[in-house]
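Heads up, the thing below is written out as C-alpha cells.
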Amino acid sequence: MLCNCMKRDGKNCIELVPIFSNLNYDEMMEIARITRDRTYEKGSMIYMAGDNDESLYVIHEGKVKISRISDSGKEQVLRVLGPGEFMGELTLFSHNPLTDNAEALEKTVVCVINGAELKNLMSKYPTIAFKVLEELSQRLERAENLVENISLHSVERRLADTLLNMADDKGEIELKMSRKDLASHLGMSRETLSRKLSSFQDEGYIELIGHRKVKILDEDALMEIE
C-alpha cells in the first residue's frame, strides 16, 4: 500500500529518511509501495517488547520514546526519536521478538515498511543496507557511551555531559523528553535530576526556562565538573 502521509513541503516519510537518501524517485516509489501509514495518539504503544512484527517503522511526524522495562519494573529510556528517524530495525536481521517498547510522546504519524519486502530491496539496492548498518553502529556507540557514563561517572558529570551535548550553537536546549524520561535515560531518579538542575542554576551554570528549556550560562564550568 502506498504511504499517503505528506508534509507541508510535499515530502513523504520515505524522502525524509537518511537511509533512503541515495535513491532516485523511482526507487523511492518502490519503497513507498510496500509502506503504509499509521497514526498514534499521545501515550499509545506503537510496539512492545515481545512482539513479532518484522517491520521498519519510520517517524513522519511526532516523537517516540524507545525504552526497556527491567525485571523489577524500572523503565530505562534508551532514546527519543523524531521525524525522519526509524526503529524496529533489528527485526530486519533477526527473527527474534522485539526487545524494546515504542511509545508515542505526542500525536505521531508512522510509516510502516514491510520487513520481508524491504530485505528484498536491500539486495537490489545495497546502499540501503549499508545505511541501516551505519545507523546501527552509531546507536551501539551511543549505548556503550551511556553505559560507561552510568558506570564510571558521577550524577553531576553525567548531567553536565548531557546538557553540553544537547545544546545548540547558542547554548540553548529544548528537551525532547520529559524530566522523568530524561532522568531514566541518565540512570537517576526524577527527584535527583530536579535537585541537580536547581543546583546548577544556583551555581550560575545554567538557566531553567519552564520545564523543557535550558540555557547554558557557563560552559567551562560544566566541562570541569567531575
Side-chain angles (χ1 to χ4, degrees), residues 40-50 59 62-83 85 87 90 98-108 135-226:
Y40 297 87
E41 298 300 324
K42 179 180 179 180
S44 299
M45 300 303 297
I46 297 171
Y47 61 75
M48 299 181 67
I59 302 171
K63 291 187 294 187
V64 175
K65 175 176 69 176
I66 307 298
S67 65
R68 292 187 180 183
I69 306 296
S70 69
D71 293 337
S72 63
K74 183 178 180 181
E75 181 183 51
Q76 173 66 55
V77 177
L78 302 178
R79 55 191 176 272
V80 171
L81 304 177
E85 297 183 289
M87 55 206 177
L90 292 181
L98 291 160
T99 57
D100 303 333
N101 302 299
E103 177 186 348
L105 293 179
E106 59 189 39
K107 186 174 182 178
T108 299
E135 174 63 23
L136 287 178
S137 67
Q138 291 174 357
R139 289 184 181 180
L140 177 60
E141 182 180 2
R142 289 194 292 268
E144 290 177 339
N145 289 338
L146 178 61
V147 171
E148 179 182 355
N149 283 334
I150 292 176
S151 301
L152 302 179
H153 297 153
S154 67
V155 168
E156 293 82 2
R157 177 70 264 162
R158 300 203 304 266
L159 178 56
D161 283 343
T162 298
L163 293 175
L164 291 168
N165 290 333
M166 294 174 66
D168 61 19
D169 294 338
K170 297 179 180 179
E172 297 177 350
I173 301 162
E174 180 84 37
L175 295 178
K176 295 196 297 182
M177 63 184 86
S178 67
R179 289 192 183 184
K180 175 185 176 183
D181 290 338
L182 178 59
S184 172
H185 180 66
L186 295 175
M188 64 182 75
S189 69
R190 180 177 180 177
E191 292 75 16
T192 297
L193 174 64
S194 295
R195 286 199 307 271
K196 297 306 176 184
L197 285 172
S198 296
S199 176
F200 282 6
Q201 180 169 248
D202 293 342
E203 294 291 340
Y205 303 159
I206 63 173
E207 177 187 0
L208 300 175
I209 307 171
H211 291 287
R212 291 295 182 100
K213 292 185 178 181
V214 180
K215 182 175 179 60
I216 293 178
L217 303 178
D218 193 336
E219 181 178 332
D220 291 339
L222 289 177
M223 294 178 66
E224 292 174 0
I225 291 176
E226 296 295 337

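Just so we're clear, the structure is a prediction, and the values are computed from it rather than from any experiment. Along the sequence shown, the residues carry numbers beginning at 1.
The distance from the CG atom of L98 to the CE atom of M87 is 10.5 Å, given to the nearest 0.5 Å. Distance CD1/I69 to OG/S67: 5.0 Å, rounded to 0.5 Å. Here the straight-line distance linking atom CD1 of I216 with atom CG of L163 works out to 6.0 Å at 0.5 Å rounding. The CD atom of E191 sits 12.0 Å away from atom CZ of R179, with the distance rounded to the nearest 0.5 Å. Summarising the geometry, atom CG belonging to L197 is positioned 7.5 Å from atom CG belonging to L182; distances are rounded to the nearest 0.5 Å. The CE atom of M223 lies 7.0 Å from the CG atom of L164; values are rounded to the nearest 0.5 Å.
A donor-acceptor distance shorter than 3.5 angstrom exists from the side chain of Q76 to the backbone of S184, with no hydrogens or angles considered. Of the possible donor and acceptor atoms, none in the side chain of N101 sits under 3.5 Å from a partner among the backbone N and O of M48. Judged by distance alone, the side chain of R157 and the main-chain N or O of I225 form a donor-acceptor pair under 3.5 Å. The closest donor-acceptor contact from the side chain of S198 to the backbone of K196 lies at 3.5 Å or more, if one exists at all.
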Just do the side-chain contact (heavy atoms from CB on, under 4.5 Å) check on E41 and K107 with the steps written out, would you? CA-CA 4 Å; E41 298 300 324; K107 186 174 182 178; 3.7 Å; yes
Going through the distances and angles, do Y47 and I66 end up as a side-chain contact (heavy atoms from CB on, under 4.5 Å)? CA-CA 10 Å; Y47 61 75; I66 307 298; 4.0 Å; yes
Working for side-chain contact (heavy atoms from CB on, under 4.5 Å), residues D181 and V80: CA-CA 9 Å; D181 290 338; V80 171; 5.7 Å; no
Under the side-chain contact (heavy atoms from CB on, under 4.5 Å) rule, what do R158 and M188 come out as? Steps first, then yes or no, please. CA-CA 10 Å; R158 300 203 304 266; M188 64 182 75; 4.2 Å; yes
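Residues satisfying the side-chain contact (heavy atoms from CB on, under 4.5 Å) test with E224, not counting sequence neighbours, are none.
A side chain to side chain donor-acceptor pair (under 3.5 Å) with E75 is found for one member of K180, R68, K65 and no other, namely K65.
A160 and L222 get closest at one heavy-atom pair: CB-O, 3.6 Å. Closest approach of R79 and L81 over heavy atoms only: CD-CD2, 3.8 Å. Between G62 and P83 the shortest heavy-atom distance is O-CD, 3.3 Å.
Environment of NZ in K215: crowded, with over 12 heavy atoms of neighbouring residues, nucleotides or ligands closer than 6.0 Å. In this structure, E226 places its CD atom where only 12 or fewer heavy-atom neighbours from other residues, nucleotides or ligands lie under 6.0 Å away.
At least one side-chain heavy atom of D100 sits less than 4.5 Å from a side-chain heavy atom of L78.
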For residues 201-214, run the donor-acceptor check on the side chains, cut-off 3.5 Å, and write out each pair with its distance to 0.1 Å, sequence neighbours left out.
unit_1: Q201; atom_1: OE1; unit_2: L208; atom_2: N; d: 2.8

